[in-house]
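Residue numbers start at 1 and run along the sequence shown. Hydrogens, waters and symmetry mates are skipped; everything else that's a heavy atom, side chains included, is used.
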Amino acid sequence: TRHWPKRAFILSRALSRAFSDTPSPTFPLKHVTRSNFDSALVELRSHVRAADFVAIDMEMTGVTSAPWRESFEFDRFDIRYLKVKDSAEKFAVLQFGVCPFRWDSLKQSFIAHPHNFFVFPRQEIPLDRTSYEFLCQTTSMDFLAKYQFDFNACIHEGISYLSRGQEDEARKRLISPKGDQLTHLSHNLRETMDLPLVRVADVLFTERMKKRLGEWRDDLLQNRVGGPQEEKVPDDLNQQFRTVFFKMRPALSLDGFTSHQLSLIRMVTRKHFKDLTYVCFNGESTSEELVVYTDSESDKARLMEEVKNDHQRRAEMKINAAVGFRHVIDLLSSENKLIVGHNCILDIAHVHSKFLAPLPSTAEEFVSCVNKYFPSIIDTKILLNADYTLQRKMKRSSTSLSSAFSLLCPEIAHGFTRNVLSYEPCVKVEVHVDEMRSSNWNSGAKHEAGYDAFMTGCVFAQACSHLGIDFQLHSPAENLTQNEKLLKHMNLLYLSWINGDIIDLRTGNRSAELSGSNMIRKPYRKILFKNIVLLWGFPSKLKPSMIRDCICKTLGPSSVISTYCIDQTAVFVQFSKAELASDFLNLKETLEQSNDAISHLHPLSQLLEGGNTRAASYETYKEICASPISKVLFADQAEAVGIKWKTELLPSDKEESHDNTRSHLESAMDSPQAVQKSKTRNTEDVVNDSSNKRFCDDIIDSFLKVEKIRRTTNL
């Protein structure tokens with residue numbers, strides 16, 4: 001019994017630790033929809049203003065609109081931007097995660113406020129007749145469904161938005177005399193033209209309205225002191241009139257009339273009653289047609305000004321409400337905070353496309369706009385490859401967000417479970433959502449944008465620790481956007497992780513990776529784009545290796561460095577020299593024009609079979625990628641873009657006429673040195689293939705004879 005106090009103390013400590021280490025059943029996450037957006041925005045504004053940085057993430061309906069729009073090894077820097085642009089323009093954002101992080105020096109931990117916004121491009125204001133459209137990629141939708149994405153909440157309760165450009169258009173219509181779609185001021189601000197009374201019913205109706213309005217006006221003037229009078233005759237016509245007060249003036253409310261009848265009443269009022277004014281008033285949810293009595297012309301002018309101001313005020317309120325989620329984007333931009341994302345080039349492109357303006361055609365214009373609104377952006381994927389220690393840690397692991405989070409922040413990822421062996425002490429993070437405070441929880445719902453934004457912020461904080469940033473010495477006055485250790489990594493985004501292409505948001509230029517930053521990613525060979533020929537529309541039975549063999553039999557075994565499959569209808573062919581690419585295009589055009597028996601025996605005849613094979617330089621690939629059209633197959637895309645020719649010669653070849661080109665080829669073939677050189681080269685092409693040597697020599701000799709005959713005929 002004498003040991004009881006000590007045992008009780010130990011038991012108390014154990015129970016306390018057990019309860020304190022027990023994770024919350026779910027990760028605390030603030031879900032925001034239309035119903036709670038206004039209040040959530042007020043709270044978020046205070047959190048962002050106090051934050052050291054803000055992490056973001058998005059969930060979209062898809063990534064690539066066609067298989068050939070995937071990121072390829074053979075994509076040039078400007079092509080990669082065009083593919084990002086296409087994705088951001090064609091797919092929708094369904095969730096937007098925003099998570100402000102603030103360092104609490106007393107608790108020696110970050111305070112995170114994860115918000116999960118459901119977003120849906122609902123058309124709140126009819127700016128034009130068309131509705132919003134977006135693509136859905138089945139793999140992406142299936143992926144979201146796998147992680148229990150709430151599509152009903154997104155569609156029914158998602159927050160709509162207007163981009164800056166759309167808001168400007170709405171405001172222009174507000175002040176425009178022709179802005180009747182938005183303000184419904186056409187009845188008040190424009191003179192109603194006389195309607196032709198061609199029908200007897202219209203004549204009778206206008207006479208009845210003239211009589212009824214006159215009686216109401218006369219009764220009003222006779223009994224002005226007594227106020228509005230009760231209707232005496234309960235006929236159908238009188239049931240459509242109701243005396244009310246509007247803007248402190250007596251008025252008739254019109255109910256149950258057709259739009260044509262209302263136009264006739266408006267015409268009668270204007271032509272026959274100088275002291276009556278027709279007004280269309282839009283309330284909160286309904287519109288009301290009124291005939292209002294005015295004492296004088298000045299009183300009438302005051303009434304119309306009051307009505308106009310009311311319309312503009314309500315339209316302003318409607319526009320501000322329709323701006324919706326873009327208020328969050330404006331908040332992040334105006335507070336000039338450090339924005340953190342993971343592999344976030346597509347996220348930033350979506351922000352530009354959905355909330356700022358249509359994406360420009362070049363990367364230089366894109367980064368100019370982004371840098372204007374968000375001057376400080378960090379990509380955690382850049383940080384993971386910037387530090388040698390982090391590279392070694394990530395070497396055998398994926399650089400995906402979830403893998404980086406589990407590896408770098410194990411205590412946070414596993415709810416501060418003490419049996420997890422962390423590589424080193426983890427930066428502490430506490431989550432605050434409404435009245436809930438939590439520092440341990442079960443793993444959150446991955447691929448919900450709010451939780452992914454939280455993971456991104458945690459990875460960033462831990463990566464900063466590896467870079468030597470000591471948050472324990474961090475003061476509230478210190479701005480991370482000016483931190484010297486972060487500046488060299490700021491505003492650099494991976495345009496393509498495959499090739500290590502990095503875009504500098506300050507210049508729009510390609511930025512080289514830091515030395516030693518390619519430990520994780522597989523290195524790729526250098527690509528010379530001037531040596532590349534784009535082929536499409538060839539027979540479906542041909543594989544890239546077979547295409548390579550056809551070309552090598554003609555131009556030599558070392559003429560082609562590699563072939564790269566774009567899809568089942570198109571390939572890239574990289575030649576060892578630019579001259580060989582030009583030779584191939586010229587030879588293809590010559591063979592297609594000859595179309596004789598001998599040309600069908602040429603090694604390239606297999607490639608040209610069917611007459612649909614197209615060939616062009618790399619610039620044509622850019623033209624096709626820049627098109628907003630997205631066909632599933634590349635060959636169909638090229639046709640939809642409008643490319644009809646079979647062979648596009650290189651620029652140096654286009655400068656010469658077709659006749660000069662043919663004469664040049666014939667002269668070269670007529671030269672004994674050229675003939676010998678051609679024979680020697682083609683003999684070398686098949687020196688290792690004795691079974692085909694005699695056959696290929698016969699084809700070459702036959703081809704030379706045909707060319708000489710053609711030259712003689714032309715002469």
Side-chain angles (χ1 to χ4, degrees), residues 175-284 286-315:
I175 63 176
S176 171
K178 297 182 179 180
D180 55 319
Q181 288 185 350
L182 187 60
T183 64
H184 300 282
L185 288 174
S186 59
H187 300 332
N188 308 314
L189 301 181
R190 293 186 298 169
E191 288 292 328
T192 304
M193 301 299 294
D194 289 347
L195 297 178
L197 302 178
V198 296
R199 298 188 306 171
V200 175
D202 289 346
V203 175
L204 295 176
F205 181 80
T206 54
E207 289 299 320
R208 291 173 64 195
M209 291 301 102
K210 179 180 177 182
K211 179 181 178 181
R212 182 66 183 88
L213 292 175
E215 291 175 349
W216 177 79
R217 193 268 314 271
D218 294 342
D219 289 343
L220 184 68
L221 293 176
Q222 293 174 6
N223 303 282
R224 191 168 184 179
V225 178
Q229 302 297 306
E230 296 289 336
E231 300 294 340
K232 298 178 181 179
V233 183
D235 57 17
D236 293 339
L237 181 60
N238 285 328
Q239 291 177 9
Q240 294 177 299
F241 291 93
R242 182 166 53 91
T243 303
V244 296
F245 275 94
F246 178 76
K247 302 292 182 182
M248 303 298 291
R249 300 171 179 87
L252 273 179
S253 176
L254 309 178
D255 185 31
F257 293 99
T258 66
S259 59
H260 179 68
Q261 290 173 334
L262 290 173
S263 297
L264 293 175
I265 294 174
R266 187 163 57 251
M267 182 186 69
V268 169
T269 303
R270 182 182 61 83
K271 289 181 64 176
H272 300 287
F273 300 96
K274 293 183 178 181
D275 51 0
L276 298 183
T277 304
Y278 189 97
V279 172
C280 175
F281 178 74
N282 291 314
E284 294 292 339
T286 60
S287 62
E288 190 174 7
E289 310 286 335
L290 300 161
V291 175
V292 184
Y293 173 79
T294 53
D295 288 329
S296 61
E297 286 296 325
S298 60
D299 186 38
K300 181 177 181 179
R302 285 193 300 271
L303 171 65
M304 297 308 299
E305 187 66 24
E306 292 172 7
V307 172
K308 177 182 177 180
N309 292 338
D310 279 350
H311 276 294
Q312 289 183 336
R313 179 177 56 83
R314 293 182 183 278

Those residues that, when tested against Glu207, pass side chain to side chain donor-acceptor pair (under 3.5 Å) (two or more places apart)
none
How far apart are the closest heavy atoms of Val291 and Leu254, and which atoms are they?
CG2-CD1, 4.0 Å
Verdict with supporting geometry, Thr277 and Met304, side chain to side chain contact (heavy atoms under 4.5 Å, CB included):
CA-CA 9 Å; Thr277 304; Met304 297 308 299; 3.6 Å; yes
How long is the gap from CZ on Phe257 to CE on Met209, to the nearest 0.5 Å?
4.5 Å
Compute whether any side-chain donor of one residue and acceptor of the other, for Ser263 and Arg266, lie under 3.5 angstrom apart.
yes
To the nearest 0.5 Å, what is the distance between CD on Glu305 and CG on Asp310?
10.5 Å
Spatial distance of atom CG (Leu290) from atom CZ (Arg249) [nearest 0.5 Å]:
12.0 Å
Which distance, rounded to the nearest 0.5 Å, do you find between the CD of Gln240 and the CG of Leu252?
12.0 Å
Do Phe246 and Val307 touch side chain to side chain, with heavy atoms closer than 4.5 Å?
yes
Asp255 vs Phe241, test: side chain to side chain contact (heavy atoms under 4.5 Å, CB included). Steps then yes/no.
CA-CA 7 Å; Asp255 185 31; Phe241 291 93; over 6 Å; no
To the nearest 0.5 Å, what is the distance between CG (Leu276) and OH (Tyr293)?
8.5 Å
Check the pair His260, Asp202 against side chain to side chain contact (heavy atoms under 4.5 Å, CB included), reporting the backbone distance first and the verdict last.
CA-CA 9 Å; His260 179 68; Asp202 289 346; 3.2 Å; yes
No-hydrogen, no-angle side-chain donor-acceptor test under 3.5 Å, Ser253 and Glu288:
yes
Kindly indicate, with the supporting measurements, whether the criterion side chain to side chain contact (heavy atoms under 4.5 Å, CB included) is fulfilled by Asp275 and Asp295.
CA-CA 6 Å; Asp275 51 0; Asp295 288 329; over 6 Å; no
What distance separates Lys308 NZ from Leu303 CG, expressed to the nearest 0.5 Å?
13.5 Å
Nearest atoms (heavy-atom pairs only) where Glu289 meets Cys280
OE2-SG, 3.5 Å
Is the closest side-chain heavy-atom distance between Arg199 and Val203 below 4.5 Å?
no
Is the side chain of His272 donor-acceptor paired with the backbone N or O of Met267 at a distance under 3.5 Å, no angle test?
no
Regarding Arg217 and the six-membered ring of Phe273, is the cationic atom NZ or CZ under 6.0 Å from the ring centre and inside 45° of its axis?
no
